[in-house]
Q: 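Handing you a structure now.
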Amino acid sequence: ISNETCTAVIPGQVAGATVNYEVKAFDFLENMLTANGSYSVKYDSLLNWTRVPKTVAPNENFTVEGRFAPEVGGIPITVYLSAGNVTKEKVCFTLENGTFKAELAPDTVGTWVIYAECDGSSSIRAGESPLVTIEVEEPVLAKYSYYIFGTVGAIIAIGMGLFVRKSRG
C-alpha cells in the first residue's frame, strides 16, 4: 500500500455492459486501499468496402459503398479521398443494416487513396477501413481529342479537295 498500487482481474463481460467495480486491498498492517470506478465494454467495429470504382474521370462524382459492423444505424463514417497534399472528406451515416454511401469527386489526374474511419461511441470501438486506390484518368475522347479531331479534319479537307478537283474536270 505504500506505493498505492494493486492488481485486480475483472472477468470478461458482454459488449454493451457497464462494469462497476470496487477493489479493496489490505497490507500487513491492515491499512486499506479502496479504488472504484466503472467502464463500458465496447463492441469491436469493422469497416469494409462493398463498392469502389477502379477508375474515374477528374471532377466526376462517383459513389463508394461500404458496410459497418456491428449493424447499427446513425453511426457517422468519415470517408477520405487523398492524393499528394490534397485530402477531401465526406461524412455519411450508416443505415440500420450497417451500410453507408458517400459521393466524392477527385479534381486531378493520378492515383488517389480512399479510406474510411469511425470515431466509435460509448459502446463501439473506433475503426478504419482498408486503403483502396483508384485511378483518376482523362476520358479517352478528351485525352485524344486533338488527334481525333485533327485526323477527322484532315480527312474532310482531303475529301473536299478531291471532290472539288473531280467536279472541275
Side-chain angles (χ1 to χ4, degrees), residues 8-21 35-160:
V9 176
I10 298 173
Q13 304 292 316
V14 296
T18 299
V19 175
N20 296 304
Y21 62 88
N36 55 33
S38 67
Y39 65 91
S40 295
V41 180
K42 296 186 176 192
Y43 290 96
D44 285 332
S45 66
L46 180 64
L47 273 169
N48 278 317
W49 297 111
T50 57
R51 185 175 147 228
V52 177
K54 293 187 187 303
T55 59
V56 296
N59 300 309
E60 174 187 311
N61 286 338
F62 70 94
T63 301
V64 293
E65 297 176 11
R67 181 171 295 279
F68 176 77
E71 294 179 355
V72 178
I75 300 294
I77 306 291
T78 306
V79 179
Y80 297 93
L81 181 64
S82 185
N85 299 358
V86 178
T87 299
K88 298 179 175 215
E89 63 181 70
K90 178 80 174 212
V91 176
C92 56
F93 294 87
T94 58
L95 300 176
E96 291 301 319
N97 64 0
T99 60
F100 62 92
K101 290 183 183 181
E103 192 172 280
L104 302 153
D107 50 14
T108 58
V109 172
T111 301
W112 289 69
V113 174
I114 188 163
Y115 61 99
E117 290 181 342
C118 169
D119 290 336
S121 68
S122 61
S123 61
I124 300 172
R125 292 182 194 271
E128 291 182 354
S129 73
L131 298 176
V132 177
T133 59
I134 61 169
E135 293 299 322
V136 179
E137 301 173 347
E138 291 289 343
V140 173
L141 185 60
K143 194 177 201 179
Y144 298 109
S145 62
Y146 292 118
Y147 301 113
I148 293 169
F149 293 125
T151 302
V152 170
I155 291 170
I156 292 172
I158 291 170
M160 292 294 288

Q: For the atom pair OG1 (Thr99) and CZ (Arg67), what is the distance rounded to the nearest 0.5 Å?
A: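 So the gap between those two atoms works out to 6.0 Å.
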Q: Report yes if some heavy atom in the side chain of Phe62 is under 4.5 Å from a heavy atom in the side chain of Leu81; otherwise report no.
A: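 Phe62 vs Leu81: side chains touch.
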Q: Just wondering, do Val79 and Leu104 contact through their side chains at under 4.5 Å, heavy atoms?
A: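 They are in contact (side-chain heavy atoms under 4.5 Å apart), so the answer is yes.
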Q: If you define the side chain from C-beta out and look only at heavy atoms, does anything of Pro11 sit under 4.5 Å from Gln13?
A: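 Counting from C-beta outward, Pro11 and Gln13 do come under 4.5 Å.
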Q: How long is the span from the NZ atom in Lys101 to the OG1 atom in Thr63, to the nearest 0.5 Å?
A: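 Separation between the atoms: 7.0 Å.
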Q: Which atoms form the tightest heavy-atom contact between Glu71 and Asn97, and what is the distance?
A: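 Where Glu71 meets Asn97 most closely, the heavy atoms are CG-O, 3.3 Å.
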Q: With a 4.5 Å limit on heavy-atom distance, are the side chains of Leu47 and Phe100 in contact?
A: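 Counting from C-beta outward, Leu47 and Phe100 do come under 4.5 Å.
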Q: Restricting to non-hydrogen atoms, name the atom on Pro130 and the atom on Trp49 that form the minimum distance, rounded to 0.1 Å.
A: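 Smallest heavy-atom distance, with atoms named: O-NE1, 3.1 Å.
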Q: Should the ring pair Tyr80 and Tyr115 be called parallel, tilted or perpendicular, given that the plane angle runs from 0 to 90° and is split at 30 and 60?
A: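 The rings of Tyr80 and Tyr115 lie parallel, inter-plane angle below 30°.
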Q: Tell me whether Ser121 contacts the main-chain N or O of Ser123 through its side chain, where contact means a donor paired with an acceptor under 3.5 Å.
A: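 Indeed, once roles are kept as given, a pair shorter than 3.5 Å links the two residues.
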Q: Hey, are the side chains of Val132 and Val113 touching, using non-hydrogen atoms and a 4.5 Å cut-off?
A: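 A side-chain contact is absent here, since even the closest heavy-atom pair is not under 4.5 Å.
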Q: Other residues, nucleotides and ligands only: do more than 12 of their heavy atoms fall within 6.0 Å of CG on Asp107?
A: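 Enclosed.
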Q: Look up atom NZ in Lys42 and atom CZ in Arg125, then write down how far apart they are to the nearest 0.5 Å.
A: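 Separation between the atoms: 7.5 Å.
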Q: In Å and rounded to the nearest 0.5 Å, what is the CD to OG1 distance from Glu138 to Thr55?
A: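 It is 12.5 Å, given to the nearest 0.5 Å.
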Q: For the pair Ser45 (side chain) and Ala126 (backbone), establish whether a donor and an acceptor sit closer than 3.5 Å, ignoring hydrogens and angles.
A: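 A pair under 3.5 Å: yes.
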Q: Quick check: do Ser38 and Val19 have side-chain heavy atoms less than 4.5 Å from each other?
A: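 They are not in contact (no side-chain heavy atoms under 4.5 Å apart), so the answer is no.
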Q: Can you tell me if Glu89 and Thr78 form a side-chain donor-acceptor pair at under 3.5 Å?
A: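 Result is no, nothing qualifies.
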Q: Within the 3.5 Å criterion, strictly below it, is a donor on Trp112 or Thr133 matched to an acceptor on the partner's side chain?
A: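 No donor-acceptor contact under 3.5 Å links the two side chains.
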Q: If you measure from OH on Tyr39 to CG on Asn20, what distance do you get to the nearest 0.5 Å?
A: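 Those atoms lie 10.0 Å apart.
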Q: Which atoms form the tightest heavy-atom contact between Val136 and Ala57, and what is the distance?
A: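 In terms of heavy atoms, the two residues are closest at CG1-C, 3.9 Å.
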Q: List the atom of Ala102, the atom of Cys92, and the distance in Å for their closest heavy-atom pair.
A: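 Closest approach of Ala102 to Cys92: CB-SG, 4.2 Å.
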Q: Are any side-chain N or O atoms of Thr94 and backbone N or O atoms of Gly74, one a donor and one an acceptor, separated by less than 3.5 Å?
A: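 Yes, because the side chain of Thr94 sits within donor-acceptor range (under 3.5 Å) of the backbone of Gly74.
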Q: Kindly indicate whether the side chain of Pro70, heavy atoms from C-beta on, has any atom under 4.5 Å from the side chain of Ile124.
A: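 Yes - at least one pair of side-chain heavy atoms lies under 4.5 Å apart.
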Q: Have a look at Val64 and tell me which of Thr50, Val52, Ile134 forms a side-chain contact (heavy atoms from CB on, under 4.5 Å) with it.
A: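 Testing Val64 for a side-chain contact (heavy atoms from CB on, under 4.5 Å) against Thr50, Val52, Ile134 leaves exactly one candidate, Val52.
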Q: Give the minimum heavy-atom separation between Ile77 and Ala116, together with the two atoms involved.
A: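 Taking Ile77 first and Ala116 second, the nearest heavy atoms are CG2-CB, 3.9 Å.
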Q: Between Ala105 and Lys88, what is the shortest heavy-atom contact and its length?
A: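 Ala105 and Lys88 have their closest heavy atoms at O-NZ, 2.9 Å.
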